[in-house]
Participant: 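Below you will find the structure I want to go over with you.
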Amino acid sequence: MSEENKKIVFSGIQPTGGFTLGNYLGAIRNWGPLQNEYDCIYSIVDLHSLTVRQDPATLRRQIRESAAMLLACGVDPEKSILFIQGDVHQHAELSWILSCYTQFGELSRMTQFKDKSKKHPENVNGGLFTYPVLMAADILLYQTDLVPIGADQKQHLELSRDIAIRFNGIYGDVFTIPEGYFPKVAARIMSLQDPTAKMSKSDANENAKIMLTDDGDAIIRKFKRAVTDSGSEVRAADDKPGVTNLMSIYSAVTGKSFEEIEREFEGKGYGEFKIAVGESVRDTLMPIQEKYRTYLADKDQLNAVLKSGAEHASYIATKTLRKVRRKIGLD
Ligand code: ATP
Ligand code: LTN
């Protein structure tokens with residue numbers, strides 16, 4: 001991190017079950033390029049993942065795998081801070097404090113809470129409800145200016161802003177008010193099996209999602225099976241959610257505009273288009289997978305990166321938390 005006054009970027013991702021192409025195109029892919037312009041802080045938010053029951057050994061493994069994948073996707077520990085949220089206790093502490101400045105009604109309106117409670121009716125726990133407060137703490141601890149996230153996290157970011165504005169209104173300028181940073185294309189990649197639902201890593205249907213670790217054959221096979229719409233024209237339209245989703249993916253990985261794609265596949269059917277999308281995704285992911293295997297194999301290096309990341313993050317977080325404690329009368 002530089003000593004100059006660069007803007008601060010913070011983002012987090014849950015270490016649950018590997019990353020999807022949606023996570024990559026909607027969020028992680030932007031993390032690398034941002035490092036050249038901003039001071040970036042990236043976190044593997046293990047505490048957030050506890051809102052759904054996790055197997056301990058699997059979670060432990062997935063935290064390491066997530067770190068290796070973020071490095072493979074371009075997060076550079078020489079330029080940015082990469083750390084595990086649970087290694088920096090200030091997150092949990094600020095989260096409790098902020099929860100006392102967040103209304104029950106506000107949390108009840110969060111669509112992710114409503115969706116996830118429906119999905120896991122047997123485990124609608126308090127953490128699931130206060131999840132956005134912990135996210136606000138993640139962001140506000142680092143005086144973050146910009147938060148690169150997919151469109152589905154917009155509502156949570158708005159709440160973080162509301163909490164910060166409210167807190168500042170009472171105590172003066174304690175927190176920087178963060179802004180969202182959304183990708184122009186691919187902010188919302190949809191399921192390959194149901195283009196009206198977002199591609200989600202927790203989807204039980206393997207054919208609905210592309211994992212960043214899928215092998216080349218699986219990638220092509222899943223795209224061949226992707227649900228498309230009636231007709232046969234490769235054209236983006238509201239009544240063609242399947243084809244439009246594939247076009248977004250193709251556009252995101254090749255950099256081609258929708259018009260160029262429509263021209264490229266004029267007079268050709270869905271079959272040819274789906275294979276082209278599959279191949280472009282495969283060619284994007286193969287070099288990432290190679291790096292991923294290298295990072296994952298070097299355990300000592302990975303541990304060293306995460307340890308130094310946590311130390312650095314903790315140093316910054318302590319400054320904010322001290323200020324908060326003083327303002328509210330705890331110190
Ligand atoms: P879950 O399936 O458990 O809800 P998820 O796939 O949504 O998980 P998260 O860890 O919640 O993954 O999200 C990580 C980042 O990826 C966030 O910035 C989120 O906005 C982005 N993201 C997730 N799914 C998509 C998607 N389908 N399209 C674009 N961005 C996405
Ligand atoms: N809720 C986010 C993950 C997350 C996050 C953050 C993203 C937790 N803390 C802070 C940006 C900034 C999600 O992607 N589901």
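The first residue of the sequence shown is numbered 1, and numbering continues consecutively from there.
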Participant: Can you confirm if the NZ or CZ of K154 lies within 45° of the ring axis of F182 and under 6.0 Å from the centre of its six-membered ring?
Facilitator: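 Positive - K154 is close enough to the ring of F182 and near enough to its axis.
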
Participant: Under a 4.5 Å cut-off applied to non-hydrogen side-chain atoms, are W31 and C40 in contact?
Facilitator: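 Not touching, per the 4.5 Å side-chain cut-off.
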
Participant: In this structure, are over 12 heavy atoms from other groups packed under 6.0 Å from R325 atom CZ?
Facilitator: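 Yes, the 6.0 Å shell around CZ holds more than 12 heavy atoms from other groups.
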
Participant: Looking only at non-hydrogen atoms, find the nearest pair between F175 and V324 and report the distance.
Facilitator: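 In terms of heavy atoms, the two residues are closest at CZ-CG2, 3.6 Å.
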
Participant: Are side-chain N/O atoms of D152 and Q112 paired as donor and acceptor at under 3.5 Å?
Facilitator: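 No, because no side-chain N or O of D152 sits under 3.5 Å from a partner of the opposite role on Q112.
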
Participant: How close do S43 and I84 get, counting heavy atoms only, and between which atoms?
Facilitator: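 Between these two residues, the closest heavy atoms are OG-C, 4.2 Å.
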
Participant: With no hydrogens and no angle check, do the side chains of Y171 and Y101 hold a donor and an acceptor under 3.5 Å apart?
Facilitator: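 Distance-only check passes for Y171 and Y101.
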
Participant: Quick one: do the Q90 and T318 side chains pair a donor with an acceptor below 3.5 Å?
Facilitator: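 The criterion, which ignores hydrogens and geometry beyond distance, is satisfied for T318 and Q90.
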
Participant: Under the side-chain hydrogen bond (donor to acceptor under 3.5 Å, both in side chains) rule, what do E311 and S314 come out as? Steps first, then yes or no, please.
Facilitator: CA-CA 5 Å; E311 283 167 3; S314 173; over 6 Å; no

Participant: Atom CD1 in I8, atom CD1 in I139: separation rounded to 0.5 Å?
Facilitator: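 Nearest 0.5 Å value for the CD1-CD1 distance: 13.0 Å.
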
Participant: Test ring-ring contact (aromatic ring centres under 6.0 Å, His included) on Y131 and F113; report intermediate values, then the result.
Facilitator: CA-CA 8 Å; Y131 178 112; F113 171 68; over 10 Å; no

Participant: Among residues at least two apart in sequence or on other chains, which ones pass salt bridge (charged side-chain N to carboxylate O under 4.0 Å, His left out) with R235?
Facilitator: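 Partners of R235 by the salt bridge (charged side-chain N to carboxylate O under 4.0 Å, His left out) criterion, ordered by chain and then number, come out as E233.
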
Participant: Do H91 and Y142 have ring centroids that are under 6.0 Å from one another?
Facilitator: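 Under 6.0 Å, so yes.
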
Participant: Rounded to the nearest 0.5 Å, what separates atom CG in L285 from atom CD1 in I219?
Facilitator: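 Atom-to-atom, L285:CG and I219:CD1 are 4.5 Å apart.
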
Participant: Are Q35 and S80 close enough that a side-chain donor and a side-chain acceptor fall under 3.5 Å?
Facilitator: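 Yes.
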
Participant: Would you call K7-D145 a salt bridge at under 4.0 Å N-O?
Facilitator: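 No, this pair does not count.
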
Participant: Is the count of non-hydrogen atoms from other residues, nucleotides or ligands lying under 6.0 Å from K114 atom NZ greater than 12?
Facilitator: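 Atom NZ in K114 is crowded, with more than 12 foreign heavy atoms closer than 6.0 Å.
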
Participant: Determine whether more than 12 heavy atoms belonging to other residues, nucleotides or ligands lie under 6.0 Å from atom CZ of R322.
Facilitator: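 Counting other residues, nucleotides and ligands, CZ of R322 stays at 12 neighbours or fewer.
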
Participant: Exactly one of I249, I189, L192, T20 should register a side chain to side chain contact (heavy atoms under 4.5 Å, CB included) with I210. Which one does?
Facilitator: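 One option only clears the test, and that one is L192.
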
Participant: Using a strict threshold of under 4.0 Å (side-chain N to carboxylate O), is an ion pair present between D203 and K209?
Facilitator: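 No salt bridge links K209 with D203.
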
Participant: Would you compute the distance between atom CG of D138 and atom OG1 of T144 and round it to the nearest 0.5 angstrom?
Facilitator: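 So the CG of D138 and the OG1 of T144 are separated by 9.0 Å.
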
Participant: Taking the six-membered ring for Trp, are F83 and Y42 ring centroids under 6.0 Å apart?
Facilitator: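 No, ring centres 6.0 Å or more apart.
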
Participant: Is any side-chain heavy atom of S251 less than 4.5 Å from a side-chain heavy atom of I261?
Facilitator: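 They are in contact (side-chain heavy atoms under 4.5 Å apart), so the answer is yes.
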
Participant: When you check the gap from the basic side-chain N to the acidic O, do E37 and K6 get nearer than 4.0 Å?
Facilitator: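 No.
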
Participant: Could you grab the distance from atom CZ of R29 to atom CG of L212, nearest 0.5 Å is fine?
Facilitator: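 CG of L212 is found 12.0 Å from CZ of R29.
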
Participant: In Å, rounded to the nearest 0.5 Å, how long is the span from CD of Q14 to NZ of K201?
Facilitator: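 Answer for the CD-NZ pair, Q14 versus K201, is 5.5 Å.
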
Participant: Do Y295 and E65 have side-chain atoms, one donor and one acceptor, less than 3.5 Å apart?
Facilitator: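 Per modelled atom types, Y295 and E65 side chains form no pair under 3.5 Å.
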
Participant: Please evaluate residues Q155 and T111 with respect to the criterion side-chain hydrogen bond (donor to acceptor under 3.5 Å, both in side chains), reporting the C-alpha separation (whole Å), side-chain torsions for both, the decisive distance (0.1 Å), and the verdict.
Facilitator: CA-CA 8 Å; Q155 197 187 26; T111 47; 3.0 Å; yes

Participant: Consider only side-chain N and O atoms of T16 and Q62, and report whether a donor and an acceptor are under 3.5 Å apart.
Facilitator: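 Per modelled atom types, T16 and Q62 side chains form no pair under 3.5 Å.
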
